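Here's the structure, in structure tokens; my notes come after.
The shown structure was predicted, so the numbers you read here are calculated from the model rather than taken from an experiment.
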Amino acid sequence: MIDILREVGMIERALDSISNIEFKDINLSNLQFLYVVRIYEHPGIIAEQLANLIKVDRTTLARAVRRLEKQGYVYRESDPDNKKIKHLYVTEKGKRIYPFIIRENSHSNEVALTGFTAKEAQQVHDYLTRIRQNIDADWKFVKHGGKRKY
């Protein structure tokens with residue numbers, strides 16, 4: 001069997017390293033930029049939805065959101081009907097860095113897809129989407145305490 005996950009992992013770690021260096025000036029690291037982007041793109045999202053969207057556990061998410069709040073990039077707002085629910089939004093400071101983050105993402109995409117035709121790039125996207133969908137059920141199962149059988 002071809003081990004594609006090693007390649008995916010190397011790509012992910014390389015891009016994490018690059019973003020940690022390039023986002024150092026705006027004091028974002030450890031994928032914090034991803035939280036800002038997703039909250040910006042989904043204003044009013046709640047923590048559980050964001051955790052599912054990014055594929056992180058709620059503890060990791062809570063820590064990241066607290067740090068982003070302290071840094072002035074995001075804020076929480078209570079739901080008018082249920083005070084236990086907190087909606088997440090980016091601040092003006094968060095809105096200002098969004099275009100910079102998106103430019104970096106676009107550049108990384110361009111570099112990653114150098115030499116690919118538009119059709120090949122679409123195929124890569126479609127294959128990666130299918131892979132994520134295949135893994136999603138296991139992720140949810142294990143996240144809720146399940147043990148996979150190997």
Side-chain angles (χ1 to χ4, degrees), residues 1-79 85-144 148:
M1 175 179 249
I2 297 171
D3 190 351
I4 58 127
L5 297 181
R6 287 185 187 204
E7 292 298 322
V8 170
M10 286 189 287
I11 293 165
E12 190 252 342
R13 287 186 299 279
L15 291 173
D16 283 354
S17 179
I18 289 168
S19 65
N20 283 341
I21 293 166
E22 292 192 339
F23 297 149
K24 193 174 191 173
D25 291 343
I26 56 174
N27 203 24
L28 292 179
S29 62
N30 300 326
L31 300 177
Q32 288 178 311
F33 67 92
L34 183 57
Y35 297 88
V36 173
V37 167
R38 293 301 184 268
I39 294 168
Y40 180 95
E41 293 172 349
H42 302 275
I45 194 167
I46 62 172
E48 186 170 344
Q49 293 167 331
L50 184 58
N52 286 329
L53 188 63
I54 297 176
K55 302 296 184 229
V56 297
D57 62 75
R58 290 184 62 165
T59 304
T60 300
L61 178 76
R63 246 189 328 266
V65 168
R66 273 195 307 275
R67 185 162 184 225
L68 289 168
E69 280 183 298
K70 287 179 185 175
Q71 292 171 292
Y73 288 117
V74 302
Y75 68 96
R76 293 180 231 212
E77 195 172 278
S78 293
D79 186 274
I85 297 174
K86 306 291 185 200
H87 296 276
L88 299 168
Y89 300 92
V90 294
T91 62
E92 287 304 316
K93 183 179 178 181
K95 290 175 184 175
R96 285 193 303 271
I97 64 166
Y98 178 81
F100 171 65
I101 295 169
I102 293 303
R103 278 194 312 274
E104 187 280 333
N105 184 74
S106 294
H107 178 77
S108 292
N109 264 317
E110 287 175 27
V111 170
L113 294 171
T114 299
F116 286 78
T117 65
K119 183 179 178 183
E120 290 170 330
Q122 186 62 55
Q123 286 175 321
V124 169
H125 175 271
D126 295 346
Y127 292 147
L128 289 171
T129 299
R130 283 175 51 197
I131 291 167
R132 180 189 44 79
Q133 289 169 342
N134 289 343
I135 292 171
D136 198 48
D138 274 6
W139 178 77
K140 288 176 183 172
F141 177 69
V142 171
K143 180 182 131 183
H144 292 350
R148 299 185 301 166

### Query
About how many Å separate CD of Glu22 and OG of Ser17, when rounded to the nearest 0.5 Å?
10.0 Å
### Query
How many angstroms lie between CD1 in Ile131 and CG in Asp126, if you round to the nearest 0.5 Å?
11.0 Å
### Minimum heavy-atom distance between Leu61 and Ala47, given as atom pair plus value
CD2-O, 3.0 Å
### Query
For the side chain to side chain contact (heavy atoms under 4.5 Å, CB included) test, which of Leu53, Val74, Leu88, Val56 pairs with Tyr35?
Val56
#### Entry: Considering all heavy atoms, the nearest Leu28-Gln32 contact
CA-OE1, 3.4 Å
#### Entry: Glu69 atom CD, neighbour heavy-atom count above 12 within 6.0 Å
yes
### Task
Evaluate the side-chain proximity of Asn105 to Val37: yes if any heavy-atom separation is below 4.5 Å, no if none is.
no
### Query
Can you find a pair of side-chain heavy atoms, one from Ile46 and one from His87, that are under 4.5 Å apart?
yes
### Message
Quick check for you: to the nearest 0.5 Å, what is the distance between Asp57 atom CG and Asn52 atom CG?
### Response
11.0 Å
### Task
Taking the side chain as every heavy atom from C-beta outward, state whether Asp16 and Glu12 have any pair of such atoms under 4.5 Å apart.
yes
### Message
Please report the interatomic distance CG(Asn109) to CD(Glu104), rounded to the nearest 0.5 Å.
### Response
9.0 Å
### Task
May I have all residue pairs that pass ring pair (Phe, Tyr, Trp, His ring centres under 6.0 Å) and include part of residues 40-77, sequence neighbours excluded?
Tyr40-Tyr98, Tyr75-Tyr89
### Message
Can you tell me how far apart CD1 (Ile2) and CD (Glu7) are? Round to the nearest 0.5 Å.
### Response
11.0 Å
### Query
Of the non-hydrogen atoms in Ser29 and Asn20, which two are nearest, and what is the gap between them?
CA-OD1, 3.3 Å
### Message
Testing the 3.5 Å rule here: is there a donor-acceptor pair between the side chains of Gln133 and Thr129?
### Response
no
### Query
For atom NZ of Lys143, is the number of surrounding heavy atoms from other residues, nucleotides or ligands below 6.0 Å larger than 12?
yes
### Query
So, Asp136 and Lys140, do they make that salt bridge, N to O below 4.0 Å?
yes
### Message
For the CZ atom on Arg58, are there more than 12 heavy atoms of other groups (residues, nucleotides or ligands in this structure) within a distance under 6.0 Å?
### Response
no
#### Entry: Contact check, side chains of Ile45 and Arg38, non-hydrogen atoms, under 4.5 Å
no
### Query
To the nearest 0.5 Å, what is the distance between CD1 (Ile4) and CG (Leu128)?
7.5 Å
### Message
To check you understand the geometry: which heavy-atom pair defines the closest contact between Gln71 and Lys93, and what is its length?
### Response
O-NZ, 2.6 Å
### Query
Does the side chain of Ile54 reach to within under 4.5 Å of the side chain of Leu31, using non-hydrogen atoms?
no
